[in-house]
Every structure is written in structure tokens, then in C-alpha cells.
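Following: one structure in C-alpha cells, then a few remarks.
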Amino acid sequence: MRVYVAGHRGMVGGAILRKLQARGIETLTRTHAELDLTDQKAVTEFMAAERPDAVVLAAAKVGGIQANNTFPAQFIYENLMIEANVIHQAYAAGVARLLFLGSSCIYPKLAPQPMAEDALLTGTLEPTNEPYAIAKIAGIKLCESYNRQYGTDYRSVMPTNLYGPGDNFHPQNSHVLPAMLRRFHEAVQSGAPEVVVWGTGTPMREFLHVDDMAEASLFVMDLDRAAYEANTQPMLSHINVGTGQDVTIAELARMVAEVTGFTGEIRFDSSKPDGTPRKLMDVGRLRDMGWQASIALRDGIAETYRWFLDNAAELREA
Ligand SMILES: NC(=O)C1=CN([C@@H]2O[C@H](COP(=O)(O)OP(=O)(O)OC[C@H]3O[C@@H](n4cnc5c(N)ncnc54)[C@H](OP(=O)(O)O)[C@@H]3O)[C@@H](O)[C@H]2O)C=CC1
Ligand SMILES: C[C@H]1O[C@H](OP(=O)(O)OP(=O)(O)OC[C@H]2O[C@@H](n3cnc4c(=O)[nH]c(N)nc43)[C@H](O)[C@@H]2O)[C@@H](O)[C@@H](O)C1=O
């Protein structure tokens with residue numbers, strides 16, 4: 001068994017790689033510089049030469065609300081190309097099993113909460129990340145279409161907002177949790193009296209630690225085909241992954257202040273977008289199959305902050 005992990009230097013791909021290696025499973029990797037997954041010819045040659053037994057597709061153009069809003073063309077183009085190339089060439093090379101990572105932003109902006117898998121394609125998407133969401137929906141539909149036409153076993157998991165070691169801490173382009181950890185930390189270092197948090201503080205988000213996400217990914221990969229198919233439908237085949245609990249951005253800011261030791265004022269900048277008001281996952285499908293998250297948010301934030309402190313000198317620049 002040899003598993004190709006696409007995006008192994010990213011937060012999620014890295015966590016999945018570590019778990020596979022800890023289980024003694026042979027892995028195959030290429031950095032972005034070695035293999036640009038938007039390059040059809042390069043992906044074709046790679047898959048044909050390597051013929052892995054299984055693929056984890058954790059490579060993507062990823063970013064927070066502002067990155068999505070600023071670079072919409074890159075988010076739709078790169079993600080569509082990566083998915084089309086990897087999924088089609090996996091099929092062409094005879095790869096039996098593939099796991100595609102989507103995102104909770106596939107669901108309509110005002111979907112009933114918590115959002116069950118069947119909320120997909122029932123309403124209008126959140127405008128700040130619509131291009132990325134459309135690409136992620138296309139990824140699910142690629143897997144389903146190849147399964148239906150060619151009999152492949154390509155599965156999809158939809159993670160809620162993730163965080164943890166290996167995250168992107170870029171001040172503008174990252175997601176909220178790493179952005180806050182960095183901003184509150186820098187405020188403590190400089191003695192700043194206030195920290196600015198984007199938006200109104202009222203949106204609600206659900207946060208899952210990346211090690212839980214990696215466990216869930218392997219759990220779904222490992223299910224036998226009959227079990228996966230018994231719990232999904234051919235045209236509604238994705239599985240939500242989350243904790244089933246959410247917090248407001250204001251509550252999150254207070255947690256991050258506590259973890260970093262910031263005691264000043266927290267100011268909300270309502271000129272910045274809030275995005276979706278709430279996106280809580282209905283995780284019943286995965287729970288009924290036998291998996292649930294185990295890392296508490298407060299503990300996960302403290303552990304991620306320790307990782308940030310240990311790695312601050314070598315943070316990613318994008
Ligand atoms: N982080 C989150 O909160 C969430 C993430 N997800 C999904 O989980 C998956 C992993 O996300 P995450 O680990 O956070 O993202 P990261 O940005 O940490 O990792 C993505 C990886 O993909 C690689 N990559 C991007 N473009 C290409 C390309 N053209 N060719 C080859 N490699 C490429 C990146 O390499 P390089 O850095 O060198 O470009 C990077 O290693 C993605 O599908 C994402 O959509 C879903 C929900 C929430
Ligand atoms: C995972 C998910 O990530 C993105 O969606 P999002 O959930 O809106 O993610 P976010 O983490 O960037 O923001 C969450 C909330 O937090 C607020 N917020 C406060 N202060 C900061 C801040 O400093 N940085 C950021 N990024 N947000 C901040 C921000 O205004 C928003 O209300 C998608 O584009 C899409 O890519 C996707 O799938």
C-alpha cells in the first residue's frame with residue numbers, strides 16, 4: 001500500500017502524512033516546486049510513473065476571508081485545475097481510492113444550522129468565498145461522477161475551519177485563529193494597549209484541530225466501501241468533519257487573549273467583512289459511522305500557540 005499525499009507540506013497534508021507514517025504506511029510526496037498540480041502534463045506523467053494505490057488530495061489554494069476576497073481568480077482557477085488534474089489522472093493511472101478535502105464553505109450562506117450534507121446546492125453561497133466554494137463543489141462532483149461512470153472509490157470530506165501546528169500565520173492572508181494568535185502575541189511583545197479584530201465579532205465559527213482532522217480523514221479512508229456507501233448517496237457522497245460546537249469571533253478573541261497573556265482592549269473593525277454569519281457543521285453522519293473529535297478548543301489553541309512560539313522564526317510567507 002503506497003499513499004500519495006498531495007499538499008504534504010501544508011497544515012493538513014502534513015498532519016495526515018505524520019499519521020500515515022506513524023502507522024508504517026509507505027507514502028509518496030512531491031513539493032509544489034517539484035510538481036505543480038495545476039500542470040496537466042506534469043501530473044499525467046507523475047501519476048503514470050508512480051501509480052500510487054491511494055491518493056489524499058490535501059493540496060489547494062487556501063486562505064482566509066481576505067485572501068479569498070482579494071484573489072478570487074487564483075482561488076477558483078488553481079483549485080479547479082488541481083482537482084481536475086489529480087482526480088482525472090488518478091483514475092487514468094488506475095488509482096482505486098482517493099480522498100478529496102473540501103470545505104464547509106460549500107454550503108449556502110444562510111443554510112439551516114447545523115448544516116447537514118444535504119444542504120449542498122440548496123441556496124446562494126457567501127460572496128467572499130464563492131469562487132473557492134464553487135471549486136470545492138466541483139471537487140465533490142468530480143469524485144461522484146468518476147465513481148458513477150467508472151466505478152472508482154473516491155470519497156470527500158468537508159472540514160470545518162481548521163487550525164493547529166503548521167498553520168499559515170500570515171497577518172492578512174491567513175484564517176482567523178492563526179491571525180489572532182500572531183496579532184495578540186505581537187501586541188503583548190510590543191506592549192500595545194489594543195488589538196484590532198476584523199468584523200463585528202458576532203459571526204460564529206466552529207474550529208477543529210488539524211490532528212483531529214487527520215484522524216477523521218484516515219477513518220473515512222479506512223472504511224470499507226460497503227460502509228461508506230451505506231452512509232452516503234452516489235450524488236450526495238461527502239461527509240462533514242467538525243466538532244459540532246461553535247463560538248463567536250468575540251469569544252474566540254477573548255480565548256486567544258487569555259492564552260497569549262494579552263490584557264488590553266479588543267476593538268472590532270466593522271469595516272472588515274464578517275463573511276457567513278454562522279456555519280456550524282451537522283456531524284451526525286460521521287458520528288454515526290463511529291468518529292468524533294477529541295481535542296478541546298482551549299487546549300488546541302494553547303498547543304498551537306506553543307508551536308507558534310517554537311517556530312516563529314520560520315513562518316510561511318504566503
Ligand atoms: N485550513 C483550513 O481552515 C481549512 C482547510 N480546508 C482544506 O484542507 C486542505 C488543506 O488545507 P491546509 O493544509 O490548511 O492548506 P495549506 O495552505 O496549509 O496547504 C496546502 C498545500 O497545498 C500545496 N499546493 C498549493 N497549490 C499547489 C500546486 N499548484 N501544486 C502543488 N502543491 C500545491 C501548498 O504548497 P505551497 O505552500 O508550496 O504552495 C501547500 O503545501 C485544502 O483542500 C483546504 O481547502 C478545508 C477547510 C478548512
Ligand atoms: C475555512 C474557511 O475560511 C474562510 O472563511 P471564514 O470562515 O470566513 O474564515 P476566516 O478564518 O478568514 O474568518 C472568520 C471570521 O473571523 C473574522 N476575523 C477577525 N479577525 C480576523 C483576522 O485577523 N483574520 C481573518 N482571516 N479573519 C478575522 C472574519 O472577519 C470572519 O468573520 C473562507 O474564505 C474559506 O476559505 C473557508 O473555507
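The analysis underlying the following values was restricted to heavy atoms, covering all of them including side chains, and did not include hydrogens, waters or symmetry mates. Atoms within a ligand are numbered from 1 in the order they appear, just like the ligands themselves.
Judged by the 6.0 Å distance and 45° axis criteria, Arg155 is positioned over the aromatic ring of Tyr228.
Counting protein heavy atoms only, atom 31 (C) of ligand 2 is closest to Asp274 O, 3.4 Å. Counting protein heavy atoms only, atom 12 (O) of ligand 2 is closest to Ile65 N, 2.7 Å. Summary of contacts: the protein heavy atom closest to atom 2 (C) of ligand 2 is Lys279 NZ, 3.6 Å. Looking only at heavy atoms of the protein, atom 37 (C) of ligand 2 is closest to Ser103 OG, 3.8 Å. Remark: minimum distance from atom 15 (C) of ligand 2 to any protein heavy atom is reached at Ile249 CD1, 3.6 Å. Considering only non-hydrogen protein atoms, atom 33 (C) of ligand 2 sits nearest to Asn129 ND2, 3.2 Å. Distance from atom 7 (O) of ligand 2 to its nearest protein heavy atom, with residue and atom name: Arg205 NE, 2.7 Å. The nearest heavy-atom contact from the protein to atom 13 (O) of ligand 2 is Val176 CB, 3.9 Å.
Donor-acceptor pairing under 3.5 Å is recorded for the side chains of Asp212 and Ser294. Side-chain contact, Asn240 with Tyr107: a donor N or O sits under 3.5 Å from an acceptor N or O. Side-chain contact check for Tyr305 and His185: at least one donor-acceptor pair (N or O, by modelled atom type) lies under 3.5 Å. Remark: the Thr243 side chain and the Gln245 side chain contain no N/O donor-acceptor pair separated by less than 3.5 Å.
Annotation: ring pair (Phe, Tyr, Trp, His ring centres under 6.0 Å) contacts of His8 (sequence neighbours excluded): none.
For Phe75 and Phe71, the distance between ring centers is not under 6.0 angstrom.
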Could you check ligand 1 for N or O atoms lying under 3.5 Å from protein N or O atoms and list the pairs with distances?
unit_1: ligand 1; atom_1: 3 (O); unit_2: Leu162; atom_2: N; d: 2.9
unit_1: ligand 1; atom_1: 3 (O); unit_2: Leu162; atom_2: O; d: 3.4
unit_1: ligand 1; atom_1: 13 (O); unit_2: Met11; atom_2: N; d: 3.1
unit_1: ligand 1; atom_1: 13 (O); unit_2: Val12; atom_2: N; d: 2.8
unit_1: ligand 1; atom_1: 17 (O); unit_2: Arg316; atom_2: NH2; d: 3.0
unit_1: ligand 1; atom_1: 18 (O); unit_2: Met11; atom_2: N; d: 2.9
unit_1: ligand 1; atom_1: 18 (O); unit_2: Arg316; atom_2: NH1; d: 3.0
unit_1: ligand 1; atom_1: 18 (O); unit_2: Arg316; atom_2: NH2; d: 3.2
unit_1: ligand 1; atom_1: 22 (O); unit_2: Ala60; atom_2: N; d: 3.3
unit_1: ligand 1; atom_1: 29 (N); unit_2: His32; atom_2: NE2; d: 3.3
unit_1: ligand 1; atom_1: 29 (N); unit_2: Asp36; atom_2: OD1; d: 3.0
unit_1: ligand 1; atom_1: 30 (N); unit_2: Leu37; atom_2: N; d: 2.9
unit_1: ligand 1; atom_1: 39 (O); unit_2: His32; atom_2: ND1; d: 2.7
unit_1: ligand 1; atom_1: 41 (O); unit_2: Gly10; atom_2: N; d: 3.1
unit_1: ligand 1; atom_1: 43 (O); unit_2: Leu101; atom_2: O; d: 3.4
unit_1: ligand 1; atom_1: 43 (O); unit_2: Lys136; atom_2: NZ; d: 2.8
unit_1: ligand 1; atom_1: 45 (O); unit_2: Tyr132; atom_2: OH; d: 2.5
unit_1: ligand 1; atom_1: 45 (O); unit_2: Lys136; atom_2: NZ; d: 2.9

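By the 4.5 Å heavy-atom criterion applied to side chains, Val95 and Gln89 are not counted as neighbours. Using a 4.5 Å heavy-atom cutoff, the side chains of Arg205 and Asp246 are not in contact. Taking the side chain as every heavy atom from C-beta outward, Glu303 and Arg306 approach each other to under 4.5 Å. Side-chain contact check for Glu215 versus Asp211: every heavy-atom pair is 4.5 Å or farther apart. Annotation: side chain of Lys279 is in contact with side chain of Asn161 (closest heavy-atom distance under 4.5 Å). Contact check for Leu17 versus Thr29: side-chain heavy atoms found under the 4.5 Å cut-off.
Of the possible polar contacts, none joining the Tyr154 side chain to the Ser145 backbone as a donor-acceptor pair under 3.5 Å is found. Remark: the backbone N or O of Glu206 is paired with a side-chain donor or acceptor of Thr160 at under 3.5 angstrom.
Counting atoms of ligand 2 from 1 in the listed order, those under 4.0 Å from a heavy atom of Cys105 are 38 (O). Using a 4.0 Å cut-off to heavy atoms of Pro203, the atoms of ligand 2 that qualify are 32 (O). Below 4.0 Å from some heavy atom of Pro273 lie the following atoms of ligand 2, by number and element: 29 (C), 30 (O). Near Gly64, meaning under 4.0 Å from one of its heavy atoms, ligand 2 places the atoms 12 (O), 34 (O).
In summary, Glu144 and Lys141 engage in a salt bridge, as defined by a charged side-chain N under 4.0 Å from a carboxylate O.
The residue Gln66 has no part lying near ligand 2, judged by heavy-atom distances below 4.0 Å. Under 4.0 Å from ligand 2, the heavy atoms of Ser174 that appear belong solely to its backbone.
Considering backbone and side-chain N/O atoms, Gly199 never comes within less than 3.5 Å of an N/O atom of ligand 2. Residue-to-ligand polar distances place Asn68 within reach of ligand 2: an N/O pair is separated by less than 3.5 Å. Distances between N or O atoms of Ala179 and those of ligand 2 include no value under 3.5 Å.
Contact between Gly63 and ligand 2 is present, with at least one heavy atom of the residue lying under 4.0 Å from the ligand. At least one heavy atom of Arg183 sits less than 4.0 Å from an atom of ligand 2.
Around atom 4 (C) of ligand 2, the closest heavy atom drawn from His175, Arg182, Met204 belongs to His175. Taking only non-hydrogen atoms, the option from Phe268, Phe207, Trp198 nearest to atom 25 (C) of ligand 2 is Trp198.
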